[in-house]
Amino acid sequence: QVQLVESGGGLVQYGGSLRLSCAASENILNYNVMAWYRQLPGQQRELLAVLSIHGYPNYADSAKGRFTITRDSAKNMVYLQMTSLKPEDTALYYCKARSGRREFWGQGTQVTVSS
């Protein structure tokens, strides 16, 4: 089973940028979909961005225009570039891999946005 480890979270001021990384223990091209989710305090996880095996991205409305999902398949890495961050972006951010009926999650990385 693939292991996913998120990193790059931390404290950033309003309007700042942050680049999250998801390191996979095996070839990410073994998976149909890579995705980023986030979970605000007390809420369910919400989908932010999806990257198909062909490299085609799709975004939730909450992410569109500010967040960008990319990959470096040679390094087994998936990234989420976040710009113009706001306090309401404060959440635990998760990486997910899907292969057919199976899906795998990382442990998450905390992003906190302050003024």
Under 3.5 Å, is there a donor-acceptor pair between the side chain of Thr109 and the main chain of Gly9?
yes
Is there a donor-acceptor pair closer than 3.5 Å between any side-chain N or O of Arg66 and the backbone N or O of Ser84?
yes
Any carboxylate oxygen within less than 4.0 angstrom of a Lys/Arg side-chain nitrogen, looking at Asp61 and Lys64?
yes
Decide yes or no for Leu20 and Val111: does some side-chain heavy atom of the first lie under 4.5 Å from some side-chain heavy atom of the second?
yes
Closest heavy-atom pair and its distance - Leu48, Ser62
CD2-OG, 3.8 Å
Counting heavy atoms not belonging to Gln43, are there more than 12 under 6.0 Å from its CD?
yes
Search all heavy atoms of Gly10 against all heavy atoms of Leu18 and return the closest pair with its distance.
N-CD2, 4.1 Å
Going only through I, L, V, M, F, W and Y residues with side-chain contacts under 4.5 Å, is there a path from Ile69 to Phe67?
yes
Between Leu80 and Val2, is there shared hydrophobic-cluster membership here, with clusters defined by ILVMFWY side-chain heavy atoms closer than 4.5 Å?
yes
Closest contact, heavy atoms only, Leu47 versus Ala60
O-CB, 3.2 Å
Minimal heavy-atom distance between Ser25 and Gln3, with the atoms involved, is OG-N, 2.8 Å
Checking side-chain polar atoms at under 3.5 Å, does Tyr37 have a donor or acceptor matched by the opposite partner on Arg45?
no
Side-chain donor-acceptor pair present, Tyr31, Glu26, cut-off under 3.5 Å:
yes
Any donor-acceptor pair under 3.5 Å from Thr90 side chain to Val113 backbone:
yes
For the hydrophobic clusters of this structure (ILVMFWY residues joined by side-chain heavy atoms under 4.5 Å, transitively), does one cluster hold both Phe104 and Met34?
yes
